[in-house]
Amino acid sequence: SYHRLLKNENKRKTIVVYWILHSVLAIGFVLNFALFFTGTQWGNVSLVIRYVAALTAGFFLYSIAMFVIKDIFNFLSKFIKFPHFSRKIGRALIKGGMLIAACSMLISIYGVVNAKTFQVVEYKVSLDKKSSTLDHLHIEFISDAHLGSAINASDLKKIVDKINAQEHEMVVIGGDFFDDGTSQVLKEQAGSILAGLK
């Protein structure tokens, strides 16, 4: 879809920017798979590659979704008379592929930033256990850290500090804490950091 839109635009600067961005995202995505399956680590370079790969996955996922919406809107507009503002939005989506690209990239960037924003979410669960002697039990639960993919050692330290700031009786660590590509060094660092849980 992007190739077709560029062909219609026929603007040299836009085409150059697109192919540079397209190449960087594609190379980053491929390199991330290579590093993941070989377990190779290149320090901060690996981190940059992971971010590029995350942006790539998000960018193309949201682009596909938006192009589908655009095509549905375009199809329906042949049979349904939309209000004036809706027609303007529809035309912008149909003709402005760069709008879709920009929106997809912004959403992807937000996703990466959001992955680095650690929040405590509280759930209250009541269990009808007459044999229990407990009135309450405060449990801190962490899962899906994907250490090495989503977060690094310094991020994990922030998570541990945030957990320790809460009043709890128990800490439970759920699945997907490590990935296949998590380096042994990072696993050892994680062990030391998690030992700081109170």
Side-chain angles (χ1 to χ4, degrees), residues 1-9 11-75 86 88-121 142-159 162 174-183 186 190:
S1 293
Y2 282 124
H3 295 337
R4 190 176 70 247
L5 286 166
L6 282 172
K7 190 176 180 181
N8 294 337
E9 292 271 339
K11 292 180 181 176
R12 184 176 176 79
K13 286 183 180 178
T14 305
I15 292 171
V16 170
V17 170
Y18 168 78
W19 278 110
I20 290 172
L21 180 64
H22 189 82
S23 300
V24 169
L25 292 177
I27 291 168
F29 199 67
V30 171
L31 281 176
N32 184 62
F33 269 102
L35 292 177
F36 180 82
F37 287 111
T38 61
T40 307
Q41 293 295 320
W42 293 340
N44 289 332
V45 175
S46 296
L47 189 62
V48 172
I49 290 171
R50 278 197 293 272
Y51 281 136
V52 171
L55 286 173
T56 304
F59 176 76
F60 285 109
L61 177 66
Y62 293 118
S63 291
I64 290 168
M66 288 186 188
F67 273 116
V68 168
I69 292 170
K70 174 191 77 72
D71 289 340
I72 291 171
F73 193 100
N74 191 27
F75 176 76
S86 296
K88 287 180 73 174
I89 293 171
R91 280 197 295 271
L93 285 173
I94 291 164
K95 295 180 179 178
M98 290 306 135
L99 176 63
I100 291 179
C103 289
S104 298
M105 185 54 73
L106 286 173
I107 294 171
S108 301
I109 290 170
Y110 168 77
V112 171
V113 172
N114 187 56
K116 291 282 188 178
T117 306
F118 310 116
Q119 299 177 355
V120 177
V121 180
I142 174 176
S143 73
D144 295 279
H146 293 282
L147 194 66
S149 294
I151 66 171
N152 53 32
S154 61
D155 294 326
L156 183 58
K157 179 68 169 63
K158 292 175 187 175
I159 292 172
K162 193 174 278 286
D176 288 340
F177 197 83
F178 299 113
D179 283 329
D180 291 338
T182 306
S183 69
L186 194 52

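Count residues from 1 along the sequence.
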**Q** Any side-chain heavy atom of F177 within less than 4.5 Å of one from L156?
**A**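 Sidechains of L156 and F177: in contact.
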
**Q** Taking it one step at a time, do F118 and D155 satisfy side chain to side chain contact (heavy atoms under 4.5 Å, CB included)?
**A** CA-CA 9 Å; F118 310 116; D155 294 326; 3.7 Å; yes

**Q** About how many Å separate NZ of K157 and CG of N152, when rounded to the nearest 0.5 Å?
**A**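 Going from the CG atom of N152 to the NZ atom of K157 covers 13.0 Å.
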
**Q** Please give me the minimum heavy-atom distance between G174 and S143, naming the atom from each residue.
**A**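 In this case the closest contact between G174 and S143 is CA-CB, 3.9 Å.
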
